[in-house]
Protein chains: 2
Amino acid sequence: MLSKKTKYGIKALTFIARQEKGTMVQIATISESENISHKFLESILLTLRKSGILGAKKGKGGGYYLLKPSHEIKMTDVIRTLEGPIAMVPCVSLNYYEKCDDCPDEDACSVHKLMIQVRDNTLQVLRNNTLADLV
Amino acid sequence: MLSKKTKYGIKALTFIARQEKGTMVQIATISESENISHKFLESILLTLRKSGILGAKKGKGGGYYLLKPSHEIKMTDVIRTLEGPIAMVPCVSLNYYEKCDDCPDEDACSVHKLMIQVRDNTLQVLRNNTLADLV
DNA sequence: CTTAAAACCTAGTATTCCGATAGGGTAAAG
DNA sequence: CTTTACCCTATCGGAATACTAGGTTTTAAG
């Protein structure tokens, strides 16, 4: 299951991407338009800023904006930032690899074999989709 | 993330599939061989039996066995039984569809658009893999 | 017929995670 | 120097996960 955090994050990003380039978008604007709790959204956008996807400007007239053109923002990065690993099992994760403690031989493991395929297919989809593709 | 329930379930099924056709396999055998808690595994195999993937025989010399040849057991069925919906969002689920209450227009939703693709790719992988492919 | 072995079933529990909320702190326009 | 809007930490209830406990029923074997 996709967490609401990720879901809201993607919605917020596409909302920002739909504006004219360089426009400042405020939390309140997104929150109202997309039906997302203001405070919750705040923490999500903060995460996206820290990961280098969004920039922010404080003070009156401030807000959030994309740091890169939307066609350069890959969904893999967005998902990894908000949701964490894309793989469904740590032992097939590229960025968050962890050995299973119950499994002596990874190459002989049926779950491993299956989940590698799922991961590869999912990765392909997410890599081929940028923010621009979703707008 | 794949739950341990599903992970253990797949491991147990492949263990059974590796035996000669029609062999009774006991919980304890699988539990020891695959490092899975006996009691937890018990509840998992029960679920698989109730869903019609496994058969069981009680009493001495009893155990679990596959109801169909392993190449007819699709991973979609196994995952749906143990993990639930394959889709990452209810609004793109084929078997467990549910409308998002925050989203007025599904066709305009970026999350929807993306997750449809992920679902289709995952489904393809899981449909093309049977138990026999994992053994 | 008895007993042991095995699945079956119900219930409970400890822990973890999620979604959200609270409440202020800090910086920059105007 | 006040308002606006982002920044940060902490907390909390509810749901889901991953087991655990203990008893019941069925079957085969002695």
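Chain naming here is simple, since letters A, B, ... match the order of the sequence lines and numbering starts at 1 in each.
Listed by first and then second residue, the salt bridge (charged side-chain N to carboxylate O under 4.0 Å, His left out) pairs involving residues 8-30 of chain B are A/Asp102-B/Lys11, B/Arg18-B/Glu34 (not counting sequence neighbours).
Looking at heavy atoms from C-beta onward, B/Thr14 lies in side-chain contact with B/Leu131 at the 4.5 angstrom threshold. Side-chain contact between A/Leu114 and B/Leu126: present, with at least one pair of heavy atoms (C-beta onward) separated by less than 4.5 Å. Under the 4.5 Å side-chain criterion, counting only non-hydrogen atoms from C-beta, B/Arg119 is not in contact with B/Ser93. The shortest side-chain heavy-atom distance between B/Asp120 and B/Ile116 falls under the 4.5 Å cut-off.
Distance, A/Asp102 CG to D/dA18 C1': 13 Å, rounded to whole Å. Across the protein-nucleic acid pair, B/Lys4 atom NZ and D/dT17 atom P stand 13 Å apart, rounded to whole Å. With rounding to whole Å, A/Ile44 atom CD1 is found 16 Å from D/dC8 atom C1'.
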Quick one: which protein N/O atoms are closer than 3.5 Å to N/O atoms of nucleotides 10-15 of chain D? Pair and distance per line, please.
none

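Heavy-atom distances under 4.0 Å link DNA chain D to B/Ser37, B/Lys39, B/Phe40 of residues 15-43 of chain B, given in residue order. If you check residues 48-66 of chain B against DNA chain C, the residues with a heavy atom closer than 4.0 Å are B/Arg49, B/Lys50, B/Ala56, B/Lys57, B/Lys58, B/Gly59, B/Lys60, B/Gly63, B/Tyr64, listed by number. Of the residues in residues 84-91 of chain A, none has a non-hydrogen atom less than 4.0 angstrom from any atom of DNA chain D.
Of the N and O atoms on the side chains of B/Gln124 and A/Asn121, not one donor lies less than 3.5 Å from an acceptor on the other residue.
Interface limits on DNA chain C: the 5'-most and 3'-most nucleotides within less than 4.0 Å of chain B heavy atoms are C/dA5 to C/dC9.
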